[in-house]
Amino acid sequence: MTNAEIAAALDELGVLYQLDGAVKYRALAYGTAAKAIRESPVSVADLAAAGRATEVPGVGKTLAEKIDALLETGEIPAAVKLKAKFPPTLVEVTRVPGVGPKTARRLFDELGVTNLEDLKAAAEGKRIRALKGLGPKAEENVLAGLERLGDPSESSGRVLLSMARPIAEELARTLREHPAADRVEVAGSVRRWAETCKDIDLIATAEEPTALAEHFVASPLIAAAGTPGPNGVRAQTHNGISVDLRIVAPDAFGNLLQHFTGSQAHNVQLREQAVGRGLSVSEHGITEVESGEVERCADEAAVYERLGYAYIVPELREGRGELKAAREEGLPKLVALEDIRGDLHSHTTLSDGRNTLEEMAAAGHDRGYAYMAITDHSASHGFGDHVTTERLWERIAEVEAWNEGSDGDFRLLAGSEINIGLDGALDYPDEAVEALNWVVASVHTSFAISEKEMTARVLAAIENPLVDCIGHLTGRLIGRREPYGIDIEAVAEAAARTGTMLEINGNPNRRDLSEHHARLAAQAGATIVLNTDAHGVDTLNNMAYAVATARRAWLSADQVANTKSWQDFGKLRKR
DNA sequence: GCCGTTTTCGGCCCGACTGTTTTCAGTCG
């Protein structure tokens, strides 16, 4: 059973408890545990089998027992019991925007609503207004909510960071160019470099806030907007991303920026801990509860300082232990883009890239790198993009020739991204692989095999003395293709033991290792490499996404091999 | 149901918005 399936079962049980009128914190506990299980880098089913389920934050003794029952019998007894009381389809009713568990329960008790069809009929038949506290407007909202639920374009509602980020930056630039603008910052998940974004948050201070908001909605990127006012405006871009501009007095800019940078989990923990110290934190300021005195912060750093924390960079604000670390001076010094000295995964026109070897090499050199590996696809890649063994030998000679004509500060590496076959073998003869300066091994075929088979397949590549690095370990495409099943702990252990490096692929569709897997792998002692997998000179810029993923995984520069000089890098290699 | 620089019991973020109400409950982020 996957983490997602376990999480879904617990989410469902949480809603059932809410319908049953349980104390809200109890239901809440199921939601937070489900989220942690979904994010767990290791299989929670495996953890549970080993009696270690309570290692997942938010999972205690009771929830661990329920997970055990779920894994053994496919059901949780408490859920079975509640499903006898409420139709399971009532859970779907609570997912309609604007309809929560309280409303769903009353619709069930008083109107006999058991599913989405009943709900629609009740709204259309104007029967909801008969309930105390609900009126005609509630019926309209239900119907609108049902529309939104059925709209596939809104089903996930999240876009890739690489889609949102350039828009957010362009909108921030638009705001900054206006004379009324004082300070402008992008907040929210874009600022935290999350994988995906639900919307774009912009925070500003301004001399004439309404004038700034009016200027903002006139941007060619904005398709529709509400009424610009002194507090900002809500708008939508042409590609359907919601944008929230909030304008605030300069003395509370830090409070607002902190609040809207989130994450929600980070803010909840921050505020809970503040309550314990007699302080109440909101986007408006920090209130000393006893005296009622409110302190506003013009700068975000002052918010953290006032609450007794070292400054926490946005990438770490996910409620994964950063507050405790910030209190105990235990925050890592995170790797930064400026630390990166080379890129070790790139493609050229030899396989499926868009630029030639010369163009890619020049672009790497111009970025100030000390080294760069050209790693085109291997012999069995297919789609006409394969590179035969004969052509690979020629490529090695081409790279050597290029280096002879170069200034020596920059070294081009002859490499390959070699397919890992179903049996774990590479698709070039060993003597050709040995002649390469750098070998990335990746899975590109047969994703649908079992976790056990996939793990054995990748472990075989890790144990191969000629393999330097494993590319995009789980094969996921964010929002489009689930990662294939693989035992991350076993891979991390083998990588650490053999000196095989694990890549964080910076393609914003992949970001693979994920931040969760990367953190686990580094903790296990594996060496991480940040690569772009660039298929053209433009996508060499994707190093920023690899670095962001590493930062969100708490990695420091010394855990990342390509922050080293090529000489020091060599000391980390197994061959 | 979870959890601990205040706690093994008694707490559990905070505010905006909405729609329905004459003061607030429910929902959302």
Side-chain angles (χ1 to χ4, degrees), chain A residues 10-11 13-37 53-67 76 78 93-107 128-142 144-145 148 157-158 187-189 197-201 226 231-232 234 242 244 246 248 252 255-256 258-287 289 294 307-309 319 323-324 326-328 330:
Chain A
L10 294 181
D11 268 331
L13 180 53
V15 175
L16 286 166
Y17 274 131
Q18 282 183 301
L19 288 169
D20 199 34
V23 185
K24 68 172 174 177
Y25 299 108
R26 188 172 169 203
L28 209 63
Y30 282 83
T32 48
K35 186 167 185 284
I37 288 167
T54 54
E55 286 177 23
V56 179
V59 176
K61 197 163 159 269
T62 308
L63 270 160
E65 281 169 11
K66 291 189 165 152
I67 293 169
I76 303 173
V93 173
T94 68
R95 304 210 204 287
V96 177
V99 179
K102 301 275 186 191
T103 310
R105 174 65 192 270
R106 293 191 51 210
L107 290 166
I128 291 178
R129 65 185 65 182
L131 271 59
K132 192 166 154 49
L134 297 175
K137 196 76 192 170
E139 288 163 355
E140 278 176 40
N141 288 343
V142 161
R148 283 174 58 192
R158 300 190 73 91
S189 46
C197 306
K198 194 170 196 291
D199 55 16
I200 293 171
D201 291 298
N231 298 320
R234 251 189 108 71
S242 295
D244 217 347
R246 286 173 199 264
V248 67
N255 301 102
L256 199 75
Q258 193 284 324
H259 173 78
F260 279 101
T261 297
S263 66
Q264 174 132 328
H266 174 82
N267 283 352
V268 167
Q269 291 178 15
L270 181 86
R271 291 165 180 202
E272 276 176 357
Q273 295 187 16
V275 168
R277 293 191 289 277
L279 299 169
S280 174
V281 179
S282 82
E283 61 266 48
H284 307 297
I286 301 170
T287 308
V289 176
V294 181
L307 296 171
Y309 301 103
L323 288 166
K324 187 170 189 289
R327 185 161 287 281
E328 296 165 358

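Order of the sequence lines sets the chain letters (A, B, ...), proteins ahead of strands, with each chain counted from 1.
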Open item on the list: Using 0.5 Å steps for rounding, measure from the CG atom of A:L323 to the CG atom of A:L270.
Closed with: 5.5 Å

Task: Distance (rounded to the nearest 0.5 Å) between A:H284 NE2 and A:N255 CG - done: 9.5 Å

Open item on the list: Strictly below 4.0 Å: does A:H284 bring a side-chain N or O up to OP1 or OP2 of B:dA16?
Closed with: yes

Task: Distance-only side-chain donor-acceptor flag, A:R271 / A:H266, under 3.5 Å - done: no

Open item on the list: Which residue in the set A:L63, A:V15, A:L16 passes side chain to side chain contact (heavy atoms under 4.5 Å, CB included) when paired with A:Y30?
Closed with: A:L63

Please list, pair by pair, any protein nitrogen or oxygen found under 3.5 Å from a nitrogen or oxygen in nucleotides 17-24 of chain B.
unit_1: B:dG19; atom_1: OP1; unit_2: A:N141; atom_2: ND2; d: 3.3
unit_1: B:dT20; atom_1: OP1; unit_2: A:G135; atom_2: N; d: 2.5
unit_1: B:dT20; atom_1: OP1; unit_2: A:G135; atom_2: O; d: 3.2
unit_1: B:dT20; atom_1: OP1; unit_2: A:P136; atom_2: N; d: 3.4
unit_1: B:dT20; atom_1: OP1; unit_2: A:K137; atom_2: N; d: 3.4
unit_1: B:dT20; atom_1: OP1; unit_2: A:A138; atom_2: N; d: 3.4

Open item on the list: Using atom C1' in both nucleotides, what's the gap between B:dT20 and B:dT27 to the nearest angstrom?
Closed with: 14 Å

Task: Rounded distance in Å between the C1' positions of B:dC13 and B:dT8 - done: 23 Å

- [ ] Would you indicate, yes or no, if B:dC2 has its OP1 or OP2 atom less than 4.0 angstrom from a side-chain nitrogen or oxygen of A:T32?
- [x] no

Task: N or O in side chain of A:T103 less than 4.0 angstrom from B:dT27 OP1/OP2 - done: yes

Open item on the list: Whole angstroms only, please: what is the CG-P distance between A:L307 and B:dC14?
Closed with: 12 Å

Open item on the list: Distance check, P atoms only: B:dT21 and B:dG26, in whole angstrom units.
Closed with: 14 Å

Task: Atom-to-atom span, NZ of A:K24 to P of B:dC12 - whole angstrom - done: 10 Å

- [ ] Give one of base, sugar-phosphate or nothing for A:E140, where a contact means two heavy atoms less than 4.0 Å apart.
- [x] nothing

Task: Nearest-angstrom distance from the residue atom CD of A:Q269 to P of B:dC2 - done: 16 Å

- [ ] If B:dC17 has a Watson-Crick or G-U wobble mate with both distances under 3.5 Å, name it; if not, just say none.
- [x] B:dG26

Open item on the list: Using the P atom as the point on both nucleotides, what is the distance between B:dC9 and B:dC14, in whole Å?
Closed with: 25 Å

- [ ] Would you kindly compare A:P97 and A:L279 by the position of their nearest DNA chain B nucleotide and give the one closer to the 5′ end?
- [x] A:L279

Open item on the list: Applying a 4.0 Å non-hydrogen cut-off, can you work out what A:G60 is touching in the nucleic acid: base, sugar-phosphate, or nothing?
Closed with: sugar-phosphate

- [ ] Report yes if at least one side-chain N or O of A:R26 is closer than 4.0 Å to OP1 or OP2 of B:dG1; otherwise report no.
- [x] yes

Open item on the list: Taking the P atom in each of B:dT6 and B:dG1, what is the distance between them to the nearest angstrom?
Closed with: 27 Å

TODO: To the nearest Å, give me how far apart CG (A:L28) and C1' (B:dG29) are.
DONE: 13 Å

Task: Residue whose closest nucleotide on DNA chain B lies nearer the 5' end, A:P57 versus A:V99 - done: A:P57

- [ ] Could you work out the separation of B:dC3 and B:dG15 based on their C1' atoms and round it to a whole Å?
- [x] 25 Å

Task: Interatomic distance where CG belongs to A:L256 and C1' belongs to B:dC14 [whole Å] - done: 13 Å

Open item on the list: Could you check whether A:Q273 and A:Y309, counting side-chain N and O atoms only, form a donor-acceptor pair closer than 3.5 Å?
Closed with: yes

Open item on the list: Would you say that A:T94 contacts A:T103 through its side chain, given a criterion of any heavy-atom pair below 4.5 Å between the two side chains?
Closed with: no

Task: A:Y25 side-chain N/O to B:dG1 phosphate OP1/OP2 under 4.0 Å - done: no

Open item on the list: Does a side-chain N or O of A:K61 approach OP1 or OP2 of B:dC2 to a distance below 4.0 Å, or not?
Closed with: no

Open item on the list: Rounded to the nearest 0.5 Å, what separates atom CG in A:L13 from atom CZ in A:R26?
Closed with: 8.0 Å

Open item on the list: Distance check needed: B:dC13 P versus A:N267 CG, whole Å only.
Closed with: 12 Å

Open item on the list: Work out how far the P atom of B:dG29 is from that of B:dT22, and round it to whole angstrom.
Closed with: 27 Å

Task: Distance, rounded to the nearest Å, where A:Q273 contributes CD and B:dT6 contributes P - done: 10 Å

Task: Residue pair A:L19 / A:A104: nearest heavy atoms and the distance that separates them - done: CD2-CB, 3.9 Å

- [ ] Working to the nearest 0.5 Å, report the span between OG1 of A:T287 and CG of A:L279.
- [x] 8.5 Å

Open item on the list: I need the CD1-C1' distance between A:I286 and B:dG15, as an integer number of Å.
Closed with: 16 Å

Open item on the list: Give me the distance, rounded to whole Å, that separates B:dC28 from B:dT23 when you measure between the P atoms they each carry.
Closed with: 25 Å

